[in-house]
Protein chains: 2
Amino acid sequence: MAPVSATVRDVARLAGVSPSTVSRALARPEMISAETRGRVLEAARALDWVPNRLARSLTRGSTENIAVVVPDIVNPFFPPLIRGGQQEAWRRGFSVLLGDSNEDAARELHVANELAAQVDGLLLMSSRLPAREILELRERCEVVVVNRVVRGVSGVVIDTAPSARRAVRHLVGAGHDAVHYVSGPADSWSNKQRVAAVQAACDASGTACHVLAPSVGAFERGRACVDDLLAAGATAVLAYDDITALGIVAGLADRDVRVPGDVAVIGCDDIPMAGQLGLATIGAPFDSVGAAAAGLLIEQIARRAGGAPRRSRLVRVPSTLFLRRTAGPAPAGGPALSGEGAAMPARSRRSPRARA
Amino acid sequence: MAPVSATVRDVARLAGVSPSTVSRALARPEMISAETRGRVLEAARALDWVPNRLARSLTRGSTENIAVVVPDIVNPFFPPLIRGGQQEAWRRGFSVLLGDSNEDAARELHVANELAAQVDGLLLMSSRLPAREILELRERCEVVVVNRVVRGVSGVVIDTAPSARRAVRHLVGAGHDAVHYVSGPADSWSNKQRVAAVQAACDASGTACHVLAPSVGAFERGRACVDDLLAAGATAVLAYDDITALGIVAGLADRDVRVPGDVAVIGCDDIPMAGQLGLATIGAPFDSVGAAAAGLLIEQIARRAGGAPRRSRLVRVPSTLFLRRTAGPAPAGGPALSGEGAAMPARSRRSPRARA
DNA sequence: TCCGAAGCTGCAACCGGTTGCACGGTAGCC
DNA sequence: GGCTACCGTGCAACCGGTTGCAGCTTCGGA
């Protein structure tokens, strides 16, 4: 803490006014004559004074802080979201507290509760909390969820369904007659969404759809299910996220199964490394998602402070399918979809053999 | 913010004591009779009261918050550090504010200043700030630097030099007669350290050492310098960090140069993906580094609060060399160093041809 | 029995701004 | 000229805990 910072009273004395005038010179300029205001500002500058945030928060009842809670900051899916939220918050004069739930709902609740006491709003990313708990948190401060939909609570979601449909169409067009989806964490909302989207897409194109039960760990989840996939005769795999997909790719490599020659793999999230590894995936502008969420949250905080009634909004951000090496070549004559060229090891040079 | 939380006075009234007694029942239990204390705690529980952090901070002059400032949260090097720091802070009852400097010293200064006003301590990770600025920040709150050494300021550094020496010995043992080091950001402290370590190691083993001037961007920095590397006849490359190393690997693949057959590549940081990609690198227990730094910071805060004089400590954390696929095989008879087996695409199956 | 020490507890001021209300002064209006 | 309206400013209370100091008990020792 600053050792001996000036206070309002110091500034007031120097400017020859009362503390209230100093306070108002900043908070309600229109209430103060231009001349007095000038004197106050000058005195403040001379003493190098800025109002103490804590004291201000205490009376105003608002902290100008928000908290971002994520399941695991090491999961590369989250840092871009956090950065986006951070920058937007900063732009609007808010600071960001960080909470990590370690993928655990109980811990998430604890962390969120603790943080709720010292911020104006909570940004819950990929929350594992039951809707009831989230609604309860909202009694204590504003809440916006990301990658989750809770009735009555504002949220930002990435709309992966259209991309999932395209992915299925791509795979079907390439000759695969069944799609295997490898699930993520059981309590993950987006996992449920993706299962539904893939199933719907398969139904629409009359393709068989198999869903593999979730297991724990990210990379290992993928690697561990490879035997099941091969036993089931899978040739086209969609995975819950990129880490899982990379685990699958690694597991397939362990068994000398070629990707995409024998099995095509598509992940989800477009983590920074994905493009460089040639991993096909579904991505989105994550910085913008984070920023949108923070913006939404701060607007809600402002509205609430203004006494306006609560109103929840749901923002959908479109996703993009990146067809890269692991997805196999597009069917002849099919529409070319987006995706930078694969760029990893020599492998990307060889054009993978199309499935028989 | 909590809508209508109870206050000390409410609790005091219910317990039939004065507000001061309530306050002391929590902060100075030994001053209060067991019986009174019991009544107070019960009343507090009944009203579901916890002391307001803001109000407490205002009088106590401490916030129980620390801030972590990183150059770029999306750089996979930082999330493990942040998580470690976060958990340790949390364990000790501190919350964490997050600042992102976007790799820019001016912005870092601004962010740090802003945060310094609302926390008890600052954790600067891979700070780009001139030492003078850091010392100045320390006038306003406690500071601990990570991955940086500033005289008079506590810090935690990863000791990469021994691993760099080993890496050079490995390469020399494998027959390479020169080592090329690809620099990172010009103002990065750890880059300077690594240049020095590599040069020293080369000198010690009588090997030529070439340092490539830094350029911007991470992955692209690596990719862009490949032509220079090849023109210089490089066969063994050490890179500032893993992202740069991956860029180099990608650039080499673009030109059909085999890794490690024609060129061996070793990175630094052991980012989560490195093991899975078979990238040789220098790693460290980053969670512990973050935790150690947070612990150091909080201890300093406590000591300072106790009125004890400042004392700066420097903690060195040892690093580990992971020799994986891209480093090429160990020379026959050489000591086998650590490193899990490579696990990415079929490539890892083929044993790379040793350099002629 | 009296005195001093020690243990609890309450009073009131304080941390540093903020804000409802009242007051003095000036201007506009009839 | 008197009255009202409004503007600019200060007073004092307040946000919610914390803490120095003093007062009251109780207890031990002389």
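Below, each value reflects all heavy atoms present in this structure, side chains not excepted, and no hydrogens, waters or symmetry copies. Quick note on labels: first sequence line is chain A, next is B, and so on, each numbered from 1.
For the atom pair A/Arg53 CZ and A/Asn65 CG, the distance stands at 5.0 Å (nearest 0.5 Å).
When heavy atoms are screened at a 4.0 angstrom cut-off, A/Leu58 is found touching base atoms of the nucleic acid. Residue contacts for B/Arg28: at a heavy-atom cut-off of 4.0 Å it reaches the sugar-phosphate backbone alone, with no base atom in range. The residue B/Glu35 sits apart from the nucleic acid: no heavy atom pair falls under 4.0 Å. Here A/Ser20 lies in heavy-atom contact (under 4.0 Å) with a base. Nucleic acid contact for B/Val17: sugar-phosphate only, since backbone atoms but no base atoms lie under 4.0 Å from a heavy atom of the residue.
B/Ser33 and B/Thr36 form a side-chain donor-acceptor contact under 3.5 Å, judged by distance and modelled atom types alone. Counted by atom type alone, A/Gln118 and B/Ser95 present one or more donor-acceptor pairs between their side chains at under 3.5 Å.
Counting 5' to 3', DNA chain C first comes under 4.0 angstrom of a heavy atom of chain B and last does so at the ends given by C/dC8 to C/dG16.
With sequence neighbours excluded, the residues satisfying side-chain contact (heavy atoms from CB on, under 4.5 Å) with A/Arg37 are A/Ala25, A/Pro29, A/Ile32, A/Leu41. Under the side-chain contact (heavy atoms from CB on, under 4.5 Å) criterion, A/Arg91 pairs with A/Glu88, not counting sequence neighbours.
Residues B/Thr59 and B/Arg24 both approach DNA chain C. Their nearest nucleotides, taken by heavy-atom distance, put B/Arg24 toward the 5′ side. When the nearest nucleotides of DNA chain C are assigned to B/Met31 and B/Ala55 by heavy-atom distance, the more 5′-ward of the two goes with B/Met31.
Regarding B/Arg60, its CZ atom lies at a distance of 16 Å from the C1' atom of D/dG20, rounded to whole Å.
Among B/Glu133, B/Glu103, B/Glu108, the one residue that satisfies the salt bridge (Lys or Arg N to Asp or Glu O under 4.0 Å) test with B/Arg128 is B/Glu103.
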